[in-house]
4 protein chains.
Amino acid sequence: MSAMTPVKRQARAERTRAALLTAAREVFEERGFLDAKISEICERAGVAYGSFYTHFADKDAVFAELIDQMLNGLLTVMRAEPLNGDGPAARIARANRAYLRAYRDNARLMAVFEQVATFSPAMRDTYLRAWGVFYDRQERAIREWQQAGLVPDDVDPRTAAVALATMIGRTAYTWYVLGRPHDDGDVEQLTRLYCRAIGM
Amino acid sequence: MSAMTPVKRQARAERTRAALLTAAREVFEERGFLDAKISEICERAGVAYGSFYTHFADKDAVFAELIDQMLNGLLTVMRAEPLNGDGPAARIARANRAYLRAYRDNARLMAVFEQVATFSPAMRDTYLRAWGVFYDRQERAIREWQQAGLVPDDVDPRTAAVALATMIGRTAYTWYVLGRPHDDGDVEQLTRLYCRAIGM
Amino acid sequence: MSAMTPVKRQARAERTRAALLTAAREVFEERGFLDAKISEICERAGVAYGSFYTHFADKDAVFAELIDQMLNGLLTVMRAEPLNGDGPAARIARANRAYLRAYRDNARLMAVFEQVATFSPAMRDTYLRAWGVFYDRQERAIREWQQAGLVPDDVDPRTAAVALATMIGRTAYTWYVLGRPHDDGDVEQLTRLYCRAIGM
Amino acid sequence: MSAMTPVKRQARAERTRAALLTAAREVFEERGFLDAKISEICERAGVAYGSFYTHFADKDAVFAELIDQMLNGLLTVMRAEPLNGDGPAARIARANRAYLRAYRDNARLMAVFEQVATFSPAMRDTYLRAWGVFYDRQERAIREWQQAGLVPDDVDPRTAAVALATMIGRTAYTWYVLGRPHDDGDVEQLTRLYCRAIGM
DNA sequence: AATGAATGAGAGTTCATTCAT
DNA sequence: AATGAATGAACTCTCATTCAT
């Protein structure tokens, strides 16, 4: 008869859900998607096996939520970068640094994201959408610079944006997921390649 | 005469093996690595289930062999490109075109290669080794051009090679595996970005 | 009240587990270890295939548990025999009868135990440990009788215990597993041989 | 046209067969019956896989032949023991020693024999027949001694023979297969137990 | 909401035996 | 006789998901 108030019940559920998300991230990061077991997620969350399904439809659903969380975080970081200031080169440098830092901080989940995108159509869509956002930002910037006469007209803004975003994005993967050694000079070089590529 | 016998036997075995390889490639391409079933490979090869294991230790082994085949093919194509001729820009254009064409021709197996490299340590090694070859070629070229005074000294040949190879390589993935639309103009743009990036 | 819940759950699990154990014993007894199939155990237990693995790690694990159960039962029976009473000969007679009866009652599982002990190192250990207990009891008894002057000093208690336990134990196998015909007179003879062998 | 003479052909076949038998014994001894692979037997014999079936019907058949060989050897050894001489006790001692030595020399194949006898009806028959021979010899001896007044009439020759043969036989298994430590004194004790058991 | 036992489909791998040459 | 490739039946164990309590 000592039924909990709805609020309390919700609070409890929320805690369980949060514990599962945290645990899931750990497990996915350690094992990859394929070898991540729901049972292990529950164990780490200190939650009964079946409770997982009270909060998530299935394995894909938790994963999708984790990825959404992460991508929102990335987006927030990217948006926090001032779009203008001390000139285009500095802005490119800042954006690249911000991206690489954010990627590094999420590298292990990123690795799993890339993995799942290779076999799950749903995750591939998410993947393409995320890149789309990234492309768009860079395209807009190049277009601006072109209008300001800083970038030559023979540069196609969309193609350049896609190619250079790809270069930066995949370099992050190569560094932080595949573990290729690199240093601060490489970041600088990357920015220089970027600038020169679009004729700056 | 009696020397014929072993040859004949080998010939039959060789045929079976080849049939299995062909069938395996088809199945991997259609289903991806994870959903490829040995049974389906055997069916398509018109071979009994157990015969698979006469020729390959396991699923990973056939896959590895297919990838080796493909990578050797790629390498051959790349090596067939004349290293010099009508100037660096033309050479870069040719190399990029050759790479993109070769990638496109193997796109479906490439997709699976990228997939497996995300969860199989052995395949990840192969993957890194393959990229290493690609990087090396570009690094050598840039170094030559630098010595010829065509590329400024502030370009670090290795870093530039890695970044630009990554750009080209991942663009191929984006086009032929992820299906991003593109045209001949994009190839041209890509080459232009490449050239400008290293200051040519 | 709420303490009831876990108990109930355990109760259901306990029932399933017990059903599996019973079924497993039947199947092992009928088919031997090698031809016993998990699927048949589950069918007889009226339980889904996968449920087997909820309760046991594998085939070896159920088997080990059955053997432990049986050996504990044997030990209990042997310990129930009064260690003294109407003289050594009567005591030996009683012990032999008790052993043979207990063996007979478990003959079919014993047969499988002996089988598995021939190829499973783990079960061989169990086997040796079980015999060790049996040897020890007989050694202690002989030693006592020696101290009481009932058994000559030139009998080595350990060797005699091992040899005579072996004789009794293997006779049980011969009778109840291999099916050699025998009668009550044989039991009597066996006891007489035992007594005379140690000089009583 | 240089067809080999029948004799030569037979000789070659005989060599192959012998090589297979030797190899089979090795493999069975190292791996036990269940884990012995025909392929390994052929490899060791330096013979093609399929040739095995030119000489033996199946795995059981080679094994049976090896066991027959071994049992004939044992029988020969036992028969070589003089049935009389320096008195019954010495004869028992000699027979026991001979048996234990012969068992030890074949211990590893004996182990496999015991193993296979637990699951192969055919091998169980062979096993029982072999023991039958052993029982008979001992029964005959006891009967003689009884007629000579050396053994009391209340000893049942058959039962005593079976029990004591079992004791000796299983002790050999315990020593040489299970690896129980033992020394020459134990052999002596065994003989003493034997003699006393039948009232000598 | 939480619990945790029950479910069952699914596929890889082994290896004795056969058989075409 | 010898060769060695081809055959295919058989069975275990995993684990996401369901469901009764």
Side-chain angles (χ1 to χ4, degrees), chain A residues 3-4 8-10 12-17 34-42 47-60, chain B residues 2 4-17 34-40 42 47-60, chain C residues 2 4-6 8-17 34-40 42 47-59, chain D residues 4 8-17 34-42 47-60:
Chain A
M4 283 186 274
K8 266 193 191 159
R9 245 186 288 147
Q10 280 174 19
R12 185 189 176 191
E14 215 42 67
R15 263 196 321 266
T16 303
R17 201 189 147 80
L34 298 165
D35 294 335
K37 285 178 274 179
I38 306 286
S39 62
E40 193 177 357
I41 294 174
C42 293
V47 152
Y49 203 137
S51 296
F52 178 88
Y53 292 90
T54 304
H55 299 282
F56 303 98
D58 52 24
K59 199 177 166 182
D60 295 32
Chain B
S2 69
M4 197 81 211
T5 325
V7 172
K8 262 193 196 160
R9 270 195 258 285
Q10 279 179 13
R12 187 186 175 190
E14 216 43 71
R15 250 180 338 219
T16 304
R17 204 188 144 80
L34 298 165
D35 294 335
K37 284 176 278 178
I38 307 283
S39 62
E40 193 177 356
C42 292
V47 149
Y49 200 133
S51 295
F52 178 88
Y53 293 92
T54 304
H55 299 282
F56 304 98
D58 52 22
K59 201 174 161 183
D60 295 32
Chain C
S2 68
M4 197 79 211
T5 324
K8 261 193 198 160
R9 273 196 256 284
Q10 278 179 13
R12 186 186 177 189
E14 215 43 70
R15 249 176 339 211
T16 304
R17 206 188 144 79
L34 299 165
D35 293 335
K37 285 178 278 180
I38 306 284
S39 61
E40 193 178 355
C42 292
V47 150
Y49 199 127
S51 296
F52 178 88
Y53 293 92
T54 303
H55 299 282
F56 305 98
D58 53 22
K59 202 175 160 181
Chain D
M4 284 186 273
K8 266 192 190 159
R9 244 187 288 145
Q10 280 173 19
R12 185 188 176 193
E14 214 43 65
R15 263 197 320 268
T16 304
R17 200 187 146 79
L34 298 165
D35 295 335
K37 285 180 272 179
I38 305 286
S39 63
E40 193 177 358
I41 294 174
C42 293
V47 152
Y49 203 136
S51 296
F52 178 88
Y53 292 90
T54 304
H55 299 283
F56 303 98
D58 53 24
K59 199 177 167 183
D60 295 31

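Naming convention: chains lettered A, B, ... in sequence-line order (proteins, then strands); numbering from 1 in each chain.
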Checklist line | Closest contact, heavy atoms only, D/L34 versus D/K59 | finding: O-NZ, 3.6 Å

Item checked: Taking every non-hydrogen atom, the tightest pair across D/C42 and D/Y49 -> SG-O, 3.4 Å

Margin query: Could you tell me how far apart D/I41 (CD1) and E/dC15 (P) are, to the nearest whole angstrom?
Written below: 13 Å

Next item on the list: Indicate for each nucleotide in nucleotides 8-13 of chain E, in 5' to 3' sequence, whether protein heavy atoms under 4.0 Å reach the base (B), only the sugar-phosphate (S), or nothing (-).
Entry: B--SBB

Check: Considering all heavy atoms of both residues, which atom of A/R17 and which atom of A/H55 are nearest to each other, and what is their separation?
Finding: NH1-O, 3.1 Å

Check: Can you name the side chain to side chain contact (heavy atoms under 4.5 Å, CB included) partners of D/Y53, sequence neighbours left out?
Finding: D/I38

Checklist line | Distance in angstrom units between C/H55 NE2 and F/dC13 P, rounded | finding: 16 Å

Note to self: Using whole Å, what does the distance between atom C1' of nucleotide E/dC15 and atom CD of D/E40 come to?
What the structure shows: 13 Å

Margin query: By nearest heavy atom, map C/T54 and A/V47 onto DNA chain E; which one lands nearer the 5' end?
Written below: A/V47

Next item on the list: Check the distance between E/dA5's P and C/F56's CZ and give it to me in whole angstrom.
Entry: 13 Å

Check: In which ranges does DNA chain E form stems of 3 or more consecutive Watson-Crick or G-U pairs, distances under 3.5 Å?
Finding: E:2-21 with F:2-21

Item checked: For atom CD of D/E14 and atom P of F/dA2, their distance in whole Å -> 10 Å

Next item on the list: Could you state the atom-to-atom distance from CG of C/D35 to C1' of F/dT12 in whole Å?
Entry: 15 Å

Next item on the list: Check whether any side-chain nitrogen or oxygen of A/T16 sits under 4.0 Å from OP1 or OP2 of E/dA1, and answer yes or no.
Entry: no

Notebook entry, point to check: Who passes side chain to side chain contact (heavy atoms under 4.5 Å, CB included) against A/D58, sequence neighbours left out?
Noted result: A/D60, A/A61

